[in-house]
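Single-structure report; data block below.
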2 protein chains.
Amino acid sequence: MQTRHGENCPLDATVTILSGKWKSIILCRLTKQDQRFTELLRTLPGCTRRMLALQLSQLITDQIIAKDVDTTFVPTKTSYHLTDLGRSLVPIIQSMDAWGRQYITTLDNAEHGTSI
Amino acid sequence: MQTRHGENCPLDATVTILSGKWKSIILCRLTKQDQRFTELLRTLPGCTRRMLALQLSQLITDQIIAKDVDTTFVPTKTSYHLTDLGRSLVPIIQSMDAWGRQYITTLDNAEHGTSI
DNA sequence: CAGTATCCTTGGGGATACTG
DNA sequence: CAGTATCCCCAAGGATACTG
């Protein structure tokens with residue numbers, strides 16, 4: 001496992017896993033409950049079939065999520081869930097989300113002169 | 001402040017701030033101590049002058065870091081440091097770094113059949 | 001020393017159509 | 001339903017040269 005600088009920076013590895021236009025939202029959804037492909041697609045307005053499949057497959061490659069395919073029916077039912085590794089990321093995801101929320105309100109307040 | 005999906009996802013805001021090829025390493029350095037431009041450049045092999053300036057200016061725009069310029073000398077001395085907002089990110093950066101370290105060793109062990 | 005300016009390449013992401 | 005395959009575009013990033 002190498003990072004993109006040749007240099008060992010675990011932080012960068014974590015950032016890289018989370019980088020991708022739809023990965024944040026996908027992970028927020030999966031943190032709350034397992035999701036079907038179409039259900040994700042439906043609740044991610046603007047995300048195309050192709051992009052959803054891409055982002056999901058990258059998260060699978062990184063072993064953050066996994067999929068279950070139920071072939072007893074046609075058409076097939078697929079659902080995605082967090083792996084153990086993915087679940088170990090949840091606390092960090094939550095603190096990043098909380099920090100982002102705080103960050104946004106801080107900038108908003110500064111912008112509207114509401115600080116001090 | 002909007003995220004790139006139009007949807008409100010603070011996690012994505014945080015990820016976006018950290019996304020950029022050299023930002024992780026820069027932040028790791030600045031977490032330990034303030035740094036001069038050239039000092040950063042010297043310790044980031046592969047990073048060009050241009051890229052370093054770009055990544056630094058983005059972090060400044062996002063109000064994560066700030067710079068001091070000492071014009072009492074020619075040539076000018078510039079140094080970069082974390083802002084209050086930046087310092088509030090440090091605990092998260094550290095937990096992301098720790099998680100990344102664990103992630104890498106987990107994958108390495110699985111790869112070499114050292115698990116179980 | 002600490003940057004810009006210019007030019008070029010690459011890959012992330014969008015639109016659309018097809019398939020098991 | 002849950003994806004691929006194709007084609008296209010733009011922004012991130014690299015190489016190199018110039019400057020206050």
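Just so we're clear, the structure is a prediction, and the values are computed from it rather than from any experiment. Lettering of chains follows the sequences in order, A, B, ..., and the numbering in each one begins at 1.
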Using the side chain to side chain contact (heavy atoms under 4.5 Å, CB included) rule, pick out the option among K67(A), R49(A), R42(A) that qualifies with F37(A).
-> R49(A)

Would you say the side-chain atoms of R87(A) pair up with the backbone N or O of L82(A), donor to acceptor, closer than 3.5 Å?
-> yes

For dG20(D), the nucleotide meeting Watson-Crick or G-U wobble distances (both under 3.5 Å) is dC1(C)

Measure the distance from CG on L59(B) to C1' on dA12(D) and round it to the nearest whole Å.
-> 15 Å

Nucleotide by nucleotide, 5' to 3', does protein get under 4.0 Å of the base (B), only the sugar-phosphate (S), or neither (-) in nucleotides 12-20 of chain C, counting heavy atoms?
-> -BBB-----

After noting the C-alpha distance and the side-chain angles of F73(B) and D70(B), does the key distance pass the side-chain contact (heavy atoms from CB on, under 4.5 Å) rule?
-> CA-CA 7 Å; F73(B) 303 99; D70(B) 182 349; 3.6 Å; yes

Among residues 29-42 of chain B, which residues get a heavy atom nearer than 4.0 Å to DNA chain C?
-> R36(B), F37(B), T38(B)

Pairing partner of dA15(C), by Watson-Crick or G-U wobble and under 3.5 Å for both distances, is dT6(D)

Determine whether L18(A) and M96(A) make a side-chain contact, defined as any pair of heavy atoms from C-beta on separated by less than 4.5 Å.
-> yes

In whole angstroms, the gap separating P of dC1(C) from CG of L56(B) amounts to 16 Å

For residues L54(A) and M51(A), determine if any side-chain heavy atom of one lies less than 4.5 Å from a side-chain heavy atom of the other.
-> yes

Are the side chains of Y80(A) and L56(A) in touch, meaning some heavy atoms are under 4.5 Å apart?
-> yes

Donor-acceptor pair, side chain of Q35(A) and main chain of L30(A), under 3.5 angstrom | no

Rounded distance in Å - CG (L44(A)) to C1' (dA2(D)) | 15 Å

Of all the heavy-atom pairs spanning R36(B) and T76(B), show the shortest one and how long it is.
-> NH2-O, 4.4 Å

Report yes if at least one side-chain N or O of K67(B) is closer than 4.0 Å to OP1 or OP2 of dA2(C); otherwise report no.
-> no

